[in-house]
Amino acid sequence: MTQHLPTGSGSDIATAPGGAQASSCQAENDTIAAIGTGAGLGGIGIVKISGKRAAGIAQRLFRPARPTDQPQVSAYIPKPRHLSHGFIANPDDGQPLDEVLLAFMPGPHSYTREDVVEIQSHGGTVVLHKILDLVLLSGARLAEAGEFTRRAFLNGRIDLTQAEAVADLINARSESAMRQAARQLGGGLKLQIQILIEQITDMLADIEADLEFGEEGVSGIAAERITGASLSQRLIVPMRQLAESYKLGRAVREGLRLAIVGRTNVGKSSLLNRLIERDKAIVTPFPGTTRDPVEASVTIGNMAVDFIDTAGIRDSHDPVECIGIQKSQEALNEADLVIFVIDAQNPMTADDERIFKDIQGKRFIFAANKIDLFGVGQTPALPIAYAQCDPIFISAKSGAGLDALKSRIAKLCRKTAGGENEAVLCDPRHKEALGSALDAACKAAEALDDDGPLDMVSMDLKHALGQLQTIIGERIAAEVLDAIFKKFCIGK
Ligand code: GDP
């Protein structure tokens with residue numbers, strides 16, 4: 001059984017069930033419990049128990065429905081992976097508390113690899129808390145945030161990227177985000193990182209052999225097998241590819257940022273309100289009304305999209321408007337996608353030209369608004385540079401062209417979200433570690449190209465290795481684990 005050993009220097013390291021090290025939140029061999037279902041009322045709710053005492057607690061509290069005439073004396077023998085119908089009763093007075101279904105999953109074939117019991121009761125807050133109280137009184141302690149998943153990780157059932165994917169799956173804002181998290185949970189990213197780790201370990205073995213037995217410099221086995229070019233092919237290229245997937249991965253995970261930009265009064269706020277189907281942004285005929293960027297989230301084509309209505313970009317002497325304009329520029333820089341809005345009646349101003357230049361290099365949709373001011377079947381003549389951008393003619397006022405605009409947005413979202421089957425990077429923690437590993441690998445390749453000393457190459461590769469290992473949770477500081485699992489909900 002693989003177990004993940006967090007590194008750490010301080011007194012906060014304890015031993016978790018199965019011998020793996022854990023932070024102070026896990027005392028040795030203790031049994032944890034929590035309500036596994038969300039807060040609020042529900043048809044059913046689940047109390048989860050994990051640890052050595054789980055089965056004993058179930059025996060103490062559970063009375064099988066049959067025989068029904070003597071529920072208080074009928075002993076329950078936990079049946080592995082079997083759903084038992086019965087009651088949770090207070091052991092002090094034998095009074096049944098709620099009718100439940102109980103499942104017992106002995107370790108290691110369970111979520112945490114420990115003995116797990118799940119009690120499915122009615123979903124009322126009082127019922128669930130009462131059952132949890134009885135469980136705690138029977139020898140479990142309340143689980144901390146993410147502690148079930150943390151145990152699954154520490155006991156080697158999943159790696160850290162998979163544990164993090166559990167949180168992403170729960171927090172997914174869209175179907176695309178959910179699918180991306182599911183791919184990561186399935187081990188897609190873990191596999192890629194493990195392949196990279198194997199490559200480095202392989203190279204390091206050769207280099208270490210050279211350092212120990214060979215001549216000084218790149219002269220022995222390593223020289224034959226490892227060159228700057230081979231290191232680049234085996235490590236740098238795939239690492240770079242993975243690093244480049246972050247932009248899209250993040251956009252899918254956190255929602256695509258779509259900035260609506262244009263000069264003042266072209267109809268940006270009206271368009272935002274149309275797209276989100278409510279009046280969120282203030283619309284007036286007076287230029288410069290939108291100061292702070294207005295944000296609203298919707299789901300388009302399986303993706304969460306955060307629309308940002310920005311202040312109209314123009315030269316202004318109003319200090320408040322200037323701050324708004326600066327924020328617009330920032331929103332534009334950070335945006336994954338842009339809708340560039342112009343007034344179809346007056347499409348050639350200097351401000352339009354300036355913004356058009358600013359959005360080059362971004363994925364954008366060109367929207368000519370106020371088409372309702374033209375006669376039926378008439379479209380405005382646009383300058384050639386604009387006309388080449390496949391403009392879409394809309395009216396935020398009448399709604400004309402809005403469906404076409406939405407499907408154009410959905411298409412662009414799909415394009416931006418990338419392939420469905422690839423492992424992508426979507427977590428800033430992974431991105432930072434991979435970036436550092438990539439830098440070190442580049443330094444190692446340069447040193448090899450320059451016939452540099454092998455021990456320097458070895459040092460850089462060891463650094464890269466360490467960084468990759470932190471991604472999957474090997475050699476990770478207990479404090480980092482604490483920070484990761486704190487973001488989970490209690491009961492997961
Ligand atoms: P923003 O400054 O770019 O956000 O523009 P607004 O959405 O505040 O709109 C400015 C003015 O243009 C308002 O008087 C709107 O009613 C008007 N407007 C917006 N969209 C349309 C449209 O499609 N057709 C017409 N005729 N007027 C529009």
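Heavy atoms only: backbone and side chains are in, while hydrogens, waters and symmetry mates are out. Just so you know, ligand 1 is whichever comes first in the structure, and atom 1 is the first atom listed for that ligand.
Taking any N or O of Lys397, backbone or side chain, at least one lies under 3.5 Å from an N or O belonging to ligand 1. Residue-to-ligand polar distances keep Ile371 apart from ligand 1: every N/O pair is separated by 3.5 Å or more. In terms of polar-atom proximity, defined here as any N/O pair under 3.5 Å, Asn265 does make such a contact with ligand 1. Considering backbone and side-chain N/O of Asp309, none are found under 3.5 Å from N/O of ligand 1. By the 3.5 Å distance cut-off applied to N or O atoms, Gly267 is counted among the residues near ligand 1.
Less than 4.0 angstrom separates some heavy atom of Ala396 from each of these atoms of ligand 1: 20 (N), 23 (O). Listed by number with element, the atoms of ligand 1 under 4.0 angstrom from any heavy atom of Asp372 are 22 (C), 23 (O), 24 (N), 25 (C), 26 (N). Set against the non-hydrogen atoms of Lys268, the atoms of ligand 1 under 4.0 Å away are 1 (P), 2 (O), 3 (O), 4 (O), 5 (O), 7 (O). Per-residue contacts place Leu373 under 4.0 angstrom from the following atoms of ligand 1 (heavy atoms of the residue considered): 26 (N).
Side-chain atoms of Arg429 come within 3.5 Å of backbone atoms of Ile471 as a donor-acceptor pair (strictly under, hydrogens ignored).
Taking the ring axis of Tyr111 as reference, the NZ or CZ atom of Lys48 stays within 45° of it and closer than 6.0 Å to the ring centre.
Classification of Asp336 and Arg257 as a salt-bridged pair fails, no side-chain N sitting under 4.0 Å from a carboxylate O. Between Arg151 and Asp30 there is a salt bridge, with a side-chain nitrogen of the basic residue lying less than 4.0 Å from a carboxylate oxygen of the acidic one. Salt-bridge check for Glu114 with Arg157: failed, with every basic side-chain N at 4.0 Å or more from each acidic carboxylate O.
With Lys268 as the fixed residue, the side chain to side chain contact (heavy atoms under 4.5 Å, CB included) test singles out one of Val341, Asn273, Ile339: Val341.
The aromatic rings of Phe340 and Tyr386 sit perpendicular, their planes meeting at an angle over 60°, well past the 30° parallel limit.
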